[in-house]
Novice: 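Here it is, the structure in full.
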Amino acid sequence: MIETTLLHEPLADEHEPRADEDELDEPGLVLGRPVEDRSFEVVEAGIGVAAGLAIGTAVAGPIGTVVGGLVGAATGIVAGEAVERAVGRAATTTDATHADR
């Protein structure tokens with residue numbers, strides 16, 4: 001008779017925390033970040049799109065509108081993140097810890 005040996009990792013105990021669980025169970029997370037941070041990004045993108053649409057339409061017509069909207073959204077997010085990093089944490093949540101502790 002042929003014995004087959006399968007190499008596998010032992011099943012983890014359900015009560016034991018997994019190593020890949022770095023985040024806390026904080027309510028209101030959207031894609032791993034607090035809702036406040038995601039809402040700031042929506043506002044940043046919205047302002048960028050509005051500015052891009054206005055400038056693109058004035059400069060290059062309909063094609064400029066599309067290109068300006070896309071470039072404006074990306075620029076708005078990048079500029080907003082830069083301002084948030086320069087000013088400091090915009091939203092304090094329950095999992096916000098200081099790096100120096």
Novice: Indicate every side-chain donor-acceptor pair of residues 40-49 with a distance under 3.5 Å to a residue at least two apart or in another chain.
Specialist:
| residue | atom | partner | partner atom | Å |
| --- | --- | --- | --- | --- |
| E41 | OE1 | R38 | NH1 | 3.1 |
| E41 | OE2 | R33 | NH1 | 2.6 |

Novice: Please tabulate, one pair per line, all N/O donor-acceptor pairs under 3.5 Å involving side-chain atoms of residues 62-80, not counting sequence neighbours.
Specialist:
| residue | atom | partner | partner atom | Å |
| --- | --- | --- | --- | --- |
| T65 | OG1 | T57 | OG1 | 2.6 |
| T65 | OG1 | G61 | O | 3.0 |
| T75 | OG1 | V71 | O | 2.7 |

Novice: Applying salt bridge (Lys or Arg N to Asp or Glu O under 4.0 Å) as the test, list every pair that has at least one member in residues 48-69; sequence neighbours left out.
Specialist: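 Residue pairs with at least one partner in residues 48-69: there are none.
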